[in-house]
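These notes concern the structure reproduced below.
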Amino acid sequence: MPPLISCKSISKAHGSRDLFQDLSITFSTGNRVGLIGPNGAGKSTLLNIIAKLDFPDSGEVVHSKDTRIGYVPQQVEKHSGSIQEVLEEALIERSHIEESNRVGHIRRILGKVGFTDPEQLASELSGGWARRLSIAKALVNEPDVLLLDEPTNHLDLDTILWLESFLQRSFKTFIVTSHDRIFLDSISNKVWELSHRYPKGIFSVDGDYSEFIESRERFLKGQEQYERGLRSKNRREEEWLKQSPKARSTKARARIQEAAKLQHELAKVKFRNSESKAELGFSVTDRQTKKLMVAKNISKEFEGKKIFSSIDIRLMRGDRLGIVGGNGSGKSTLLKILAGEIASDSGTIKYADDLKIFYFDQHRENLDLNLSLRQALSPHGETILYRGRSIHINSWCEKFLFDKSRLDLPLNLFSGGERARILIARLMMQPVDVLLLDEPTNDLDIDTLEILEENLDDFPGSVVLISHDRAIIDRVADTLLALDTVGGPRTFNDSEAWLEQRKKEALEQSRESSESKKKQSVKKTGLSYKEKQELSKMEETINALGEELDFLSTILDDPAIQNNTDSLQEACKNLAKKQEEIDEAYRRWQQLEDKS
């Protein structure tokens, strides 16, 4: 089967900076690609080029005939009107879906991503649901390929888990950029890394993210050995050249030319092996006391609604506490209370004398975007005092992968990942006892994430961390405080134990709800005996129809069906018919519930 998409020797530059050169890749049906790379490597640009929203400076992108692409941008779009109207607008200029089928088609897409009310206003959606709407908008035109640019960024964990499940079960061909390593491990069967470290500008491995890491390590070790071999050979050639051989003979001229090629190849390999990484390292005070903070009976309400209550935290030097919970459980609010940004409604917090706290705000609100990079990194002159020694601003900005030519640019021109590095740089300038970090991983590339993890491990003070990135939570935190468990806050050893508890609680709530509905249906007298029997079996009927729908969906993945037009049309027809049966069953269920 020919590839769906081929990029042939494409190059792209932004200003004087090359993003990638002479890049060639192919993408086929069934590929579930995780696209990674350092900040600024060109991941989003590559997705835009594949989607034909941008064009390469050279080379070409070829799509197989009639290939449709769905694109989910990194920034969630703002929409007016209902979510039904948003999808109707996305369909306006599309002709492959007949007008008479569009309303039903849109309803099925909305149901597929979890929406129950098509008339809900798009402007009222939370961040996670706005992301789901972006995905529905991409799916409404029945794409063959889905492109998702950092879909997990700034999402709560519930939506990330939903997206994992959706991509695993409902869509088989996609390219997704992400820095969430557990997410990548769950959804990928192929990983691409864009980076200057590789001879072709990209490294591709068939397998999940864990397999990619193993293959990359072997490749990079081999490339380092290759550089050592070139260095040894180059030294011998340099010694030979110093002897001033006469280039009169053909053999001598050829050897001189080969020596020049060798030097050029060595320079290229040295460049590929010269990996730039942010140099992080937190400063700590010389405090000797072990007890840093004690919070007792902390609670908070907003507009009469209790967010959390009865929270006790005892923070000792060296402690690593992760705060987890679903969207709206109060994680950021609790961290702001610990930081002294807002007051709790009850309880007390006692701090050690002269305690130094740094609060990392997930929204970067404590960054003045009108400042220049120079002012943000060095507010008191051209030098920074770091761990007792003076460092010039030029050297300091290079530690965080900023070119000194950008020092006078305002912060509003910098990306989210760059702003995160600026905040970390400011954090490192001051000795602290406690780090309060609210989603510090947002927008950071994987390399910087791993360096951040290593330095948090080495930090001798205490860390309180909120993150939707399960990898950093499990790596850094010794204890998790979950705010969303039934019965109030509860501690866990790792994210897996916490998520398992949430599943148990959700299942129990579902059972209780089902039993309550059954009891209500018995008590009410508005239904005939036959209707009561029908209502009592309705949930079982819908579950059976759902299983039949899942079976019909798997048939579509059969290559024999996909390669036979008549069989494919028949399978799609059966799938649509079964979905209509499910929709009708839900409508009937609602009728019986209303009547009872």
Side-chain angles (χ1 to χ4, degrees), residues 156-157 182 280 282-285 287 289-300 307-344 346-352 355-362 423-424 427 431-442 449 452-485 487-502:
D156 60 275
L157 183 57
I182 293 179
L280 308 183
F282 301 113
S283 300
V284 68
T285 69
R287 174 181 302 277
T289 53
K290 291 184 177 181
K291 187 186 295 184
L292 302 181
M293 182 190 304
V294 178
K296 291 185 177 180
N297 196 32
I298 301 300
S299 66
K300 192 66 181 178
I307 307 300
F308 51 73
S309 62
S310 305
I311 290 180
D312 296 332
I313 294 174
R314 186 168 182 263
L315 205 60
M316 306 293 286
R317 183 180 172 88
D319 283 350
R320 302 288 189 270
L321 176 66
I323 300 177
V324 296
N327 200 24
S329 60
K331 301 184 298 296
S332 294
T333 300
L334 177 58
L335 205 67
K336 287 180 179 179
I337 290 174
L338 297 179
E341 298 277 319
I342 59 175
S344 63
S346 68
T348 60
I349 302 179
K350 293 184 178 180
Y351 302 99
L355 188 70
K356 305 296 184 186
I357 297 176
F358 186 91
Y359 169 58
F360 187 102
D361 171 29
Q362 67 163 311
L423 273 177
I424 293 171
L427 161 59
V432 294
D433 300 301
V434 179
L435 298 175
L436 303 179
L437 307 177
D438 192 354
E439 297 288 2
T441 68
N442 281 341
L449 272 178
L452 176 61
E453 289 172 353
E454 291 171 4
N455 281 274
L456 289 175
D457 281 344
D458 294 337
F459 178 63
S462 296
V463 177
V464 183
L465 171 68
I466 297 172
S467 180
H468 63 259
D469 188 320
R470 287 155 287 173
I472 194 170
I473 278 283
D474 288 337
R475 164 82 183 265
V476 172
D478 300 321
T479 305
L480 299 188
L481 174 64
L483 303 184
D484 60 351
T485 49
R490 181 175 168 182
T491 58
F492 297 89
N493 291 328
D494 54 40
S495 63
E496 186 176 348
W498 164 57
L499 292 174
E500 187 62 32
Q501 178 64 25
R502 294 177 88 221

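Residues: numbered from 1 along the sequence shown. Given the structure is predicted, the values throughout are model-derived calculations rather than measurements.
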What heavy-atom pair brings [X] and [Y] nearest, and what distance separates the two atoms?
X	Y	answer
Phe360	Pro440	CE2-CA, 3.4 Å
Tyr351	Ile337	OH-O, 3.7 Å
Arg317	Pro460	CG-O, 3.5 Å
Leu480	Ser495	CD1-N, 3.3 Å
Ser467	Thr441	OG-OG1, 3.6 Å
Gly330	Phe308	O-CE2, 3.4 Å

Return the [atom1] to [atom2] distance between [X] and [Y], rounded to the nearest 0.5 Å.
X	Y	atom1	atom2	result
Ser329	Leu483	OG	CG	5.0 Å
Leu334	Ile311	CG	CD1	5.0 Å
Asp474	Asn493	CG	CG	10.5 Å
Ile466	Leu436	CD1	CG	9.0 Å
Asp484	Gln501	CG	CD	10.0 Å
Leu452	Phe459	CG	CZ	12.0 Å

For residues 291-298, which side-chain N or O atoms pair as donor and acceptor with protein atoms under 3.5 Å away, sequence neighbours left out?
none

**Electrostatic pair Asp457-Arg475, nearest N-O below 4.0 angstrom** =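 Yes, charged N to carboxylate O under 4.0 Å.
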
**Prompt:** Counting heavy atoms not belonging to Glu496, are there more than 12 under 6.0 Å from its CD?
**Reply:**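 For Glu496, atom CD is not crowded (no more than 12 foreign heavy atoms under 6.0 Å).
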
Are any of the side-chain heavy atoms of [X] and [Y] separated by less than 4.5 Å?
X	Y	result
Asp319	Asp478	no
Leu437	Leu456	yes
Trp498	Leu157	yes

Has the side chain of [X] got a donor or acceptor atom that lies under 3.5 Å from a matching backbone atom of [Y]?
X	Y	answer
Glu453	Val476	no
Lys331	Gly325	yes
Asp438	Asp361	no
Ser462	Gly318	yes

**Item:** CA sep, side-chain torsions, deciding dist, call: Leu499, Arg470, side-chain contact (heavy atoms from CB on, under 4.5 Å)
**Value:** CA-CA 11 Å; Leu499 292 174; Arg470 287 155 287 173; 4.3 Å; yes

**Asked** Can Ser346 and Ser299 be said to form a side-chain hydrogen bond (donor to acceptor under 3.5 Å, both in side chains), step by step?
**Response** CA-CA 6 Å; Ser346 68; Ser299 66; 2.5 Å; yes

